[in-house]
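Here's the structure, in structure tokens; my notes come after.
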Amino acid sequence: MPEGHSIHRLARQFNDVFAGQTVEVTSPQGRFSAGAQLLDGARVGDSFAHGKHLFVGFDNGLYLNVHLGIYGAWTFGGDEQFQGASSIGAPRRVGERELGADVQPAAYTGPPAPKATVRARLVSEHGWADLVGPTVCRTLTVDEVAQVRAKLGPDPLNDDADPTAFFTAVSKTSRPIGVVLMDQKVISGVGNIFRAESLFRQKIDPLRPAKSLSAEEQRGLWEDNKHLLKIGVRVGRIITTEPQDRPGIAETEAWPEHANYVYHRQGQPCPRCGSTIAVDEIAGRKLYWCPGCQV
DNA sequence: GCCCTATGTTAAA
DNA sequence: TTAACCTAGGGCT
């Protein structure tokens, strides 16, 4: 469920709390035991995200590569260094924030007993991280990391991303732009919410063939997804409404009914034109849009 | 308890 | 296009 912004926040969290630290790596659930053994006792290096893939470097040359899929989530705990994010990943409650406001216990005395579903656990001197429910959890060599990244489209959150690759891919296909935006080989990090919201904000019908988009529309989608993803990184939630569309409500305080224009708002009136927000299932995912604004 | 849902991806048919 | 995979919360009975 997390879209790209969550993974970039995770990379930052790993850099903040684990970089330079020697870690014990285990797999309480058992399904990552072999990989955990390869990383156990190594020192954590640089971590980064490419789209929805997280890469955590270790000083033995290996990387931990995690993709959360729909259900995956990381939970953190530890001493004062670990204050900040308590949980990043699949939201389990409406209005949940990635940034934990919870105050950690004053004295850190070690990690709690792991739940049986914990695929991977990292423990340093200062704290711990538990991973549950990932689609991907594996170790990769440097070359393998490059191979994985080569198959991914540019990530608007990465400074070295080349939007030209996105524009070219969009120009070449007659698949609906609403489907193409979800294709991680075309653009990385955009998920179901950013797709729906960016298409609404740019007033583009999701079913239009991608190749029918003008250069201006292509550019608009790239820039708006970058803009929205950056807000997501900053506040730890997906907020896509402009301030004037949620009067008096700060982006960090916006509840779901004020946070998005069309996502999960089917049957409600469009805040811009009053048309009824529509939903349909396309390529196995729910697609939300405003039939009045998006043409 | 049981059913539904979810910010995702891959493989098989 | 469908199924499979992975997990937990909420609403219901």
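In what follows, every chain begins at residue 1, and chains take the letters A, B, ... in the order their sequences are listed.
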Item to check | His264(A) ring center within less than 6.0 Å of Tyr288(A) ring center | outcome: yes

Item to check | Phe18(A)-Phe58(A) aromatic ring centre distance below 6.0 Å | outcome: no

What side-chain donor-acceptor pairs closer than 3.5 Å can you find for residues 146-170 of chain A, not counting sequence neighbours?
| from | atom 1 | to | atom 2 | distance (Å) |
| --- | --- | --- | --- | --- |
| Arg149(A) | NE | His50(A) | ND1 | 3.0 |
| Arg149(A) | NH2 | His50(A) | ND1 | 3.4 |
| Asp155(A) | OD1 | Leu157(A) | N | 2.8 |
| Asp155(A) | OD2 | His8(A) | NE2 | 2.7 |
| Asp155(A) | OD2 | Gly51(A) | N | 2.7 |
| Asn158(A) | ND2 | Ala49(A) | O | 3.2 |
| Asp162(A) | OD1 | Thr164(A) | N | 3.0 |
| Asp162(A) | OD1 | Thr164(A) | OG1 | 2.8 |
| Thr168(A) | OG1 | Thr164(A) | O | 2.8 |

Checklist entry - At under 4.0 Å between heavy atoms, what does Lys185(A) touch on the DNA or RNA strands: base, sugar-phosphate, or nothing? => result nothing

Next on the checklist: So Arg119(A), base contact, sugar-phosphate only, or nothing? Heavy-atom distance under 4.0 Å.
Outcome noted: sugar-phosphate

Item to check | Strand contacts (DNA chain B) in residues 188-200 of chain A, 4.0 angstrom heavy-atom criterion | outcome: Gly191(A), Asn192(A), Ile193(A)

Checklist entry - Between residues 262-270 of chain A and DNA chain B, which residues have a heavy-atom gap below 4.0 Å? => result Tyr263(A), His264(A)

Checklist outcome for this item: Nearest heavy-atom approach of Cys290(A) to Val262(A) is N-CG1, 4.1 Å

Item to check | Heavy-atom closest contact (Ser212(A) atom, Pro209(A) atom, distance) | outcome: OG-O, 2.7 Å

Checklist entry - Looking at side-chain heavy atoms only, is the closest gap between His258(A) and Ile249(A) below 4.5 Å? => result yes

Length of the [atom1]-[atom2] vector between [X] and [N], whole Å:
{"X": "Asp130(A)", "N": "dT7(C)", "atom1": "CG", "atom2": "C1'", "result": "14 Å"}
{"X": "Ile88(A)", "N": "dA8(C)", "atom1": "CD1", "atom2": "C1'", "result": "18 Å"}
{"X": "Glu281(A)", "N": "dA3(C)", "atom1": "CD", "atom2": "P", "result": "12 Å"}
{"X": "His53(A)", "N": "dT9(B)", "atom1": "NE2", "atom2": "C1'", "result": "9 Å"}
{"X": "Asn260(A)", "N": "dA6(B)", "atom1": "CG", "atom2": "P", "result": "14 Å"}
{"X": "Ile70(A)", "N": "dT10(B)", "atom1": "CD1", "atom2": "P", "result": "13 Å"}
{"X": "Leu131(A)", "N": "dG8(B)", "atom1": "CG", "atom2": "P", "result": "17 Å"}
{"X": "Leu54(A)", "N": "dT9(B)", "atom1": "CG", "atom2": "P", "result": "14 Å"}

Taking [M] as the reference, what is the distance to [N] when you measure between their [atom1] atoms (whole Å, please)?
{"N": "dT9(B)", "M": "dG9(C)", "atom1": "C1'", "result": "23 Å"}
{"N": "dT10(B)", "M": "dA8(C)", "atom1": "C1'", "result": "23 Å"}
{"N": "dT13(C)", "M": "dT5(B)", "atom1": "P", "result": "15 Å"}

Item to check | Nearest-nucleotide pick for Thr117(A), side chain only, options being dT9(B), dT7(C), dA6(B) | outcome: dT7(C)

Checklist outcome for this item: Taking dA6(B), dA8(C), dT9(B) as options, the one with an atom nearest any side-chain atom of Lys286(A) is dA6(B)

What I want to find out is whether [X] reaches [Y] closely enough, with some N-O distance under 4.0 Å, to be called a salt bridge.
{"X": "Lys286(A)", "Y": "Asp280(A)", "answer": "no"}
{"X": "Arg219(A)", "Y": "Glu223(A)", "answer": "yes"}
{"X": "Arg237(A)", "Y": "Glu251(A)", "answer": "no"}

Checklist entry - Are any of Gln184(A)'s side-chain N or O atoms less than 4.0 Å away from OP1 or OP2 of dG8(B)? => result no

Next on the checklist: So, OP1 or OP2 of dG8(B): does either fall under 4.0 Å of a side-chain N or O from His67(A)?
Outcome noted: no

Checklist outcome for this item: Numerically ordered, the residues 23-34 of chain A set in heavy-atom contact under 4.0 Å with DNA chain C is Gln29(A), Arg31(A)

Checklist entry - About how many Å separate CZ of Arg195(A) and CG of Leu181(A), when rounded to the nearest 0.5 Å? => result 8.0 Å

Only pairs under 3.5 Å count here: list side-chain donor-acceptor contacts from residues 62-69 of chain A, not counting sequence neighbours, and write none if there are none.
| from | atom 1 | to | atom 2 | distance (Å) |
| --- | --- | --- | --- | --- |
| Asn65(A) | OD1 | Arg138(A) | NE | 2.9 |
| Asn65(A) | OD1 | Arg138(A) | NH2 | 3.0 |
| Asn65(A) | ND2 | His53(A) | ND1 | 3.2 |
| Asn65(A) | ND2 | Leu54(A) | O | 3.2 |
| His67(A) | ND1 | Gly69(A) | N | 3.0 |

Checklist entry - For Phe200(A), which residues count as a ring-ring contact (aromatic ring centres under 6.0 Å, His included) partner, sequence neighbours excluded? => result Tyr261(A)

